Amino acid sequence: MTGPLATTPCTLPLVEVCVTEFDLACLPATGAVFDRLLDLHPAQVVVDLSGCRHIDAAAIGLLLDVHRRLARADGVLTVRDPNPRIRRILHAARLDQILPVVDTAPSPPPGTPAAGQEPARTQPTLVAHGRASVKVAH
């Protein structure tokens, strides 16, 4: 007799992946990176597309697959900083209705308090993030 599939608890809070090339030609290498990072059981994966100029249907399919795999383990996939062209493609594919597509607000230089705010006097919180870059030479 078999029971329900047991989910593996998340072991990392966040993994960030910077993708610079995201099309069919790069899919095997990019897919391999996603496979390896999903083995780490992250709670959240952020795909940074700020350096990416093109995305195609194969890449969108991979994002959907990663989203489904993460959702099964109660994880979240977020796409960050797509350029306006990629944002339109994600919107046309309705991907922005399935997973969060966010923009990063520009941050002030380190050590600079926000406008109208005094410098923090508490100890900074230490945060560790995993980060993997995908860059495939043609």
Side-chain angles (χ1 to χ4, degrees):
M1 180 180 346
T2 60
L5 294 176
T7 59
T8 305
C10 297
T11 57
L12 288 176
L14 174 66
V15 175
E16 295 182 40
V17 180
C18 295
V19 179
T20 56
E21 307 260 343
F22 211 7
D23 57 18
L24 184 60
C26 304
L27 221 53
T30 307
V33 168
F34 280 116
D35 287 342
R36 291 185 71 189
L37 75 86
L38 290 174
D39 286 343
L40 300 172
H41 308 289
Q44 181 179 16
V45 173
V46 176
V47 178
D48 185 331
L49 294 179
S50 61
C52 186
R53 297 184 314 145
H54 177 72
I55 191 170
D56 65 8
I60 290 171
L62 178 61
L63 286 174
L64 286 170
D65 181 56
V66 171
H67 163 72
R68 280 189 290 268
R69 292 167 63 189
L70 273 169
R72 277 188 230 130
D74 295 324
V76 177
L77 176 67
T78 302
V79 174
R80 182 176 62 206
D81 293 333
N83 66 38
R85 181 176 173 274
I86 291 177
R87 184 176 286 278
R88 283 190 303 274
I89 292 168
L90 296 175
H91 178 73
R94 300 180 187 239
L95 199 67
D96 59 346
Q97 295 177 11
I98 297 169
L99 53 94
V101 178
V102 299
D103 290 318
T104 303
S107 58
T112 307
Q117 197 178 33
E118 292 198 24
R121 302 203 190 285
T122 61
Q123 291 285 45
T125 303
L126 298 177
V127 179
H129 298 277
R131 187 170 193 101
S133 293
V134 177
K135 192 171 191 177
V136 178
H138 293 274

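Quick caveat: nothing in here was measured; it's all calculated off a predicted structure. Just the heavy atoms: all of them, side chains too, but no hydrogens, waters or symmetry mates, feed the values below.
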Are any non-hydrogen side-chain atoms of Val47 and Cys18 less than 4.5 angstrom apart?
-> no
For the pair Asp56 (side chain) and Leu24 (backbone), establish whether a donor and an acceptor sit closer than 3.5 Å, ignoring hydrogens and angles.
-> yes
Are Ile86 and Val102 connected, step by step, through hydrophobic side chains (Ile, Leu, Val, Met, Phe, Trp, Tyr) whose heavy atoms are closer than 4.5 Å?
-> no
Using the side-chain contact (heavy atoms from CB on, under 4.5 Å) rule, pick out the option among Asn83, Asp81, Val79 that qualifies with Leu49.
-> Val79
Smallest heavy-atom separation, Leu77 atom then Leu63 atom, equals CD2-O, 3.4 Å
When rounded to the nearest 0.5 angstrom, what distance separates CG in Asp74 from CD in Gln44?
-> 13.5 Å
For Arg87 and Val101, work out which heavy atoms get closest and say how close.
-> NH1-CG1, 3.6 Å
Give, for atom CG of Leu37 and atom CG of Leu12, the distance between the pair rounded to the nearest 0.5 Å.
-> 9.5 Å
When rounded to the nearest 0.5 angstrom, what distance separates CG in Asp48 from OG1 in Thr20?
-> 10.5 Å
Test applied, side-chain contact (heavy atoms from CB on, under 4.5 Å); reference residue, Val45; option that passes from Thr78, Leu40, Leu14, Leu70 = Leu70
Which heavy atom in Ile60 sits nearest to a heavy atom in Ala93, and how many Å separate them?
-> CD1-CB, 3.9 Å
Taking every non-hydrogen atom, the tightest pair across Ala43 and Pro13 = CB-O, 3.5 Å
Where do Cys52 and Phe22 come nearest, in terms of heavy atoms and distance?
-> SG-CB, 3.8 Å
Given the rule in the side chain to side chain contact (heavy atoms under 4.5 Å, CB included) test, do Arg85 and His54 qualify, once you have shown the distances and angles that lead to the verdict?
-> CA-CA 8 Å; Arg85 181 176 173 274; His54 177 72; 3.5 Å; yes
Other residues, nucleotides, ligands: >12 heavy atoms within 6.0 Å of His91 NE2 = no
Measure across Leu27 and Ala58 and return the closest heavy-atom pair with its distance rounded to 0.1 Å.
-> CD2-CB, 3.5 Å
Pairing residues for Arg69 by the salt bridge (charged side-chain N to carboxylate O under 4.0 Å, His left out) criterion, not counting sequence neighbours | Asp35, Asp65
Would a hydrophobic clustering, with Ile, Leu, Val, Met, Phe, Trp and Tyr connected at side-chain separations under 4.5 Å, put Val76 with Leu62?
-> no
Nearest-0.5 Å distance that lies between atom CG in Leu99 and atom CZ in Arg94 = 14.5 Å
